[in-house]
Amino acid sequence: MANNAEARRDGVPIYDAEAIETKWQDVWEKNDTFKAREDSDRPKKYVLEMFPYPSGDLHMGHARNYTIGDAMARQARMRGFEVLHPMGFDAFGLPAENAAIKNNTQAGKWTYANMDQAVRTMKRMGFSYDYERLVRTCDPEYYKWGQWAFLKMWEKGLAYRATSPVNWCPSCNTVLANEQVVDGKCWRCGSVPEKRELSQWYLRITQYAQELLDDLDKLEGWPENVKAQQRNWIGRSEGAEIDFALAAEDGVTPTDRLITVFTTRPDTLYGVSFFLLPPESPLAAELVAGTEHEEAYLVLKKSVEQVSSVDRQGSEREKHGVFTGRYVINPLTGTPAPIWIADYILLDYGTGAVMGVPSGDQSDFEFARKYDLPIPPIIARQDDPLYDELKDERNMRVTNVDWDHAMDAEGYLIQSGPFTGMLGGKHSPAVDAIIDYLGERGVGRKTVQFRLRDWLISRQRYWGNPIPMIHCDECGDVPVPYEDLPVTLPEDLDLGAGETLAECEEFYATTCPKCGKPAKRITDTMDTFTCSSWYFLRYCDPHNDSMPFSKESVDRWMPVDNYIGGIEHAILHLLYSRFWTKVMRDLGLIDIDEPFTNLLCQGMVKDANGDTMSKSKGNVVPPSSVIGPYGADTMRLAILFIAPSEKDFNWDEEVVAGANRFIKRAWRVVWGLSQTADANAKLEPKSLGKAGAELYRRMHELGIRCTTDFDRAQFNTAISAVMELVNDASAYLNSTPAEQRDPALTFVVARTIVAMLSPICPHWGEELYHEALGMEGSVYEEAWPTFDANAAKADTVQLAVQLMGKVRARIDVAADATKDEIEAVAREALAAHIVGKTVRKVIVVPGRLVNIVAN
RNA sequence: GCCCGAGUGGCGGAAUUGGCAGACGCGGAGGUCUCAAAAACCUUUGUCGAAAGACGUGUGGGUUCGAGUCCCACCUCGGGCACCA
């Protein structure tokens with residue numbers, strides 16, 4: 001490449017992206033330009049992008065994610081904030097194991113090589129990270145503190161081991177958390193998990209269910225859909241537990257044995273015509289054992305085991321059930337209800353037992369229809385013929401109803417004893433009355449259920465953070481003493497030869513910290529989401545070797561002010577991180593309740609046809625293919641300009657070419673302005689001349705727009721404001737001979753253009769700041785320009801004149817004209833239209849329009 | 001079924017509180033420069049119409065002097081949850 005001094009055209013250096021970009025990347029690195037200073041007295045701003053999984057080089061999605069964050073971080077610096085903008089790697093996980101096997105290498109080697117490549121690409125993109133704070137979750141100095149946190153949670157009873165049915169992914173050979181089963185499939189590989197009864201390790205996230213739900217309301221800076229997804233996932237429902245007595249063999253005599261149900265509709269208790277247990281229920285097995293019903297039950301149970309969880313979901317599936325021959329007694333009516341075992345009942349929701357109300361529940365209705373069970377109506381609208389007939393207790397009867405009569409609509413109780421006539425439905429008076437009634441008799445109580453389950457964190461995999469526990473035959477599960485942390489993962493396992501952590505004696509053979517006898521380490525590792533649940537805290541104090549982070553450092557930087565990442569983490573990572581933060585708070589390590597104040601979920605980058613980019617489809621556009629021919633600044637500009645950050649966009653080479661055209665044009669315009677620019681000249685707005693005054697006014701108008709657009713992270717319109725200013729400056733240069741241009745104006749406009757585009761095109765900005773404007777230091781030490789709303793006002797404004805809301809004329813009036821003056825001009829402009837009509841009303845909206853109402 | 005979003009030119013998209021719909025860019029058309037091309041620059045570009053003008057933000061109503069924006073009903077698309085009792 002020719003150097004700038006030689007390659008000039010009309011006195012303007014050729015824009016040589018590659019030369020400029022490598023030059024400034026070196027300068028920034030040398031000068032520590034983007035180091036977050038602990039001792040700065042500027043206000044802090046913590047800008048964070050979700051760190052990548054290092055499965056190879058960065059792709060377009062990463063480029064978009066980090067470009068958004070970098071523009072925010074750089075602009076915040078110019079706005080006077082001390083900015084923490086760190087980066088790291090979520091480095092544990094299964095892909096590293098698979099790659100190690102495939103390439104006959106070690107998971108660690110592969111991971112570190114990928115991280116090195118990714119850092120090179122980040123630097124080539126000009127991302128302003130404080131690289132001294134780089135965190136890699138597979139470094140023992142990091143994962144040690146994940147183990148430390150696990151032990152703290154163990155002490156507080158927040159970590160525990162339990163045996164229960166879990167989702168086992170046969171292809172990943174490990175269990176999965178509930179959150180990692182997406183659409184009934186493994187989130188990573190898409191296989192359908194099997195249910196297995198296994199002893200596994202959990203974190204008690206359910207203890208925080210209510211707070212995780214409540215605090216969503218505080219997160220005003222989060223997108224509504226993310227909050228809605230979390231609310232759905234937590235799935236709070238209010239209702240009651242009601243105790244039904246198991247009847248003796250005769251079917252009518254209550255025994256002492258109680259079976260409790262959970263229901264959100266206690267007001268429908270009079271409509272119970274059967275009782276339901278899931279096939280997995282031990283009670284179900286017990287009730288049918290040795291009876292004529294046992295055989296049918298076993299068939300049902302087996303069929304459920306064979307059907308995958310995907311097929312079992314979905315309301316299209318036909319319901320199956322088996323009668324047990326036994327009954328329960330309705331605590332309200334004293335009437336017996338037959339106990340059925342049904343395959344649509346879930347063991348792990350509520351109490352694992354359900355009262356069947358066919359006139360109130362679609363599923364129960366279908367079930368009753370199929371097995372010919374009674375469908376007693378218990379709720380009706382007042383305009384329903386049934387209501388008149390059945391509101392009178394004397395007409396009480398059991399009759400089958402159609403689904404039309406079901407009480408999903410608002411309605412009043414019928415055939416419901418003393419509660420007949422009360423308004424029913426969720427949170428209705430009837431609900432409260434019946435709960436009170438049951439409560440007085442000690443057979444029911446108000447309760448809340450959550451859909452959220454505890455977080456299953458153990459994984460039967462090698463490349464993860466070992467669970468710091470030891471199993472001793474004498475003492476049970478014993479925590480590894482803090483002074484022995486970290487439990488180090490062996491780096492040299494030969495996965496290709498089939499070695500696993502569970503079989504690695506060197507790793508698991510140990511002695512019990514309690515009794516000193518030989519014992520075995522837990523060979524499960526923690527879910528990688530444990531590593532990503534607190535990395536943002538570690539960035540505040542990444543080299544601390546006595547604590548995960550100091551209180552002082554998290555007080556300084558947390559919470560994250562702007563968090564940017566993909567919507568796919570709406571539940572998984574964002575829910576886990578909120579939980580972890582609350583646990584750290586309750587351990588006294590931090591004071592905040594929520595980790596992320598503002599959240600931006602960027603859209604996906606798809607190919608030109610709108611298909612997701614993937615290696616298997618062969619439609620991936622690597623960032624290097626754009627950086628090479630156009631440069632990082634063009635790529636950053638194109639990514640931010642093509643669409644609003646939250647929206648998906650389709651990759652379009654034309655947009656990149658357009659961005660490159662603009663960046664070169666802006667380059668020429670700034671150089672053109674610089675020919676007459678004088679940094680020391682004083683600007684006198686009154687002596688600028690017509691063209692100059694208008695350019696000056698537009699600079700303020702567009703500067704205000706650009707600034708507010710940065711504030712609301714709307715980069716596409718922020719860029720269009722700069723484009724307009726460049727267009728105006730270009731017009732000024734074309735219309736005004738050099739000797740008539742104002743030196744102060746040309747300087748301030750050039751500096752403004754450079755400043756406003758610098759967060760987005762940083763190398764371009766630095767180069768012009770120094771070479772064209774002759775400034776010293778970094779453009780990021782320069783303050784963001786201030787704009788004056790008064791200076792943005794024009795002397796005269798054009799108003800639309802409407803007749804009955806339709807634009808009929810345009811008038812020019814002085815900006816400070818009174819309403820009366822404006823009205824007079826407007827009437828004159830519309831004189832021909834309003835001849836012979838009566839003007840009823842004239843609305844004057846200053847600066848905008850006049851509307852004359854006449855007929 | 002429940003819960004969130006979103007529907008604007010040929011395309012990506014603008015339009016802070018109800019106030020000139022289509023900013024900015026892409027693409028298209030025409031032009032300047034050039035032997036020619038590229039690059040660059042200029043003009044033009046919602047639809048219909050020669051023009052005046054009319055129509056125009058998913059559909060149908062409504063509120064208002066005035067609606068892309070507010071209200072009601074609906075349609076379509078995207079996303080989440082779901083035999084959750």
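Just so it is clear, the values below take in all heavy atoms, side chains as well, and ignore hydrogens, waters and symmetry mates. Chain identifiers are assigned alphabetically (A, B, ...) following the order of the sequence lines, protein sequences preceding nucleic acid strands; residue numbering begins at 1 within each chain.
Of the candidates B:rC81, B:rC24, B:rA85, the closest approach to any side-chain atom of A:Val354 belongs to B:rA85. Here the side chain of A:Met723 is nearest to one of B:rC83, B:rC81, B:rG25, namely B:rG25. The side chain of A:Trp233 sits closest to B:rC81 out of B:rC26, B:rA14, B:rC81. In this structure, the nucleotide among B:rG25, B:rC65, B:rC81 sitting nearest to the side chain of A:Asn727 is B:rG25.
Pairing partner, B:rC65: B:rG19, with both Watson-Crick or wobble hydrogen-bond distances short of 3.5 Å. The nucleotide B:rA51 finds no pairing partner, because no Watson-Crick or G-U wobble arrangement with both distances shorter than 3.5 Å includes it. Of the nucleotides present, B:rA29 is the one that pairs with B:rU43 by Watson-Crick or G-U wobble criteria, both distances under 3.5 Å.
Interface remark: the A:Lys841 side chain does not form any donor-acceptor pair with the B:rC65 base, using a distance-only criterion of under 3.5 Å. On a pure distance criterion of 3.5 Å, no polar donor-acceptor pair joins the side chain of A:Asn225 and the base of B:rC4.
Side chain to side chain, A:Ser237 and A:Tyr349 meet the donor-acceptor criterion of an N or O pair below 3.5 Å.
Each of A:Val655 and A:Thr351 was matched to the nucleotide of RNA chain B holding its nearest heavy atom; the match closer to the 5' end belongs to A:Val655. Toward the 5' end of RNA chain B, the nearer of the two residues A:Lys647 and A:Ser720, judged by each one's closest nucleotide, is A:Lys647.
Between A:Glu318 and A:Lys370 there is a salt bridge, since at least one side-chain N of the basic residue sits less than 4.0 Å from a carboxylate O of the acidic one. Look at A:Asp648 and A:Arg64 and you find no salt bridge, because none of the NZ, NE, NH1 or NH2 atoms lies under 4.0 Å from a carboxylate O.
Side-chain nitrogen and oxygen atoms of A:Gln714 include at least one within less than 4.0 Å of the OP1 or OP2 phosphate oxygen of B:rA15. Within the structure, a side-chain polar atom (N or O) of A:Arg661 is placed less than 4.0 Å from OP1 or OP2 of B:rG27.
As a whole-Å value, the separation of A:Asn660 CG from B:rA39 C1' is 12 Å. Residue A:Gln362 contributes atom CD, which lies 13 Å from atom C1' of B:rC2 at whole-angstrom precision.
Classified by interplanar angle (parallel below 30°, tilted 30° to 60°, perpendicular above 60°), the ring pair A:Trp340/A:Tyr371 is tilted.
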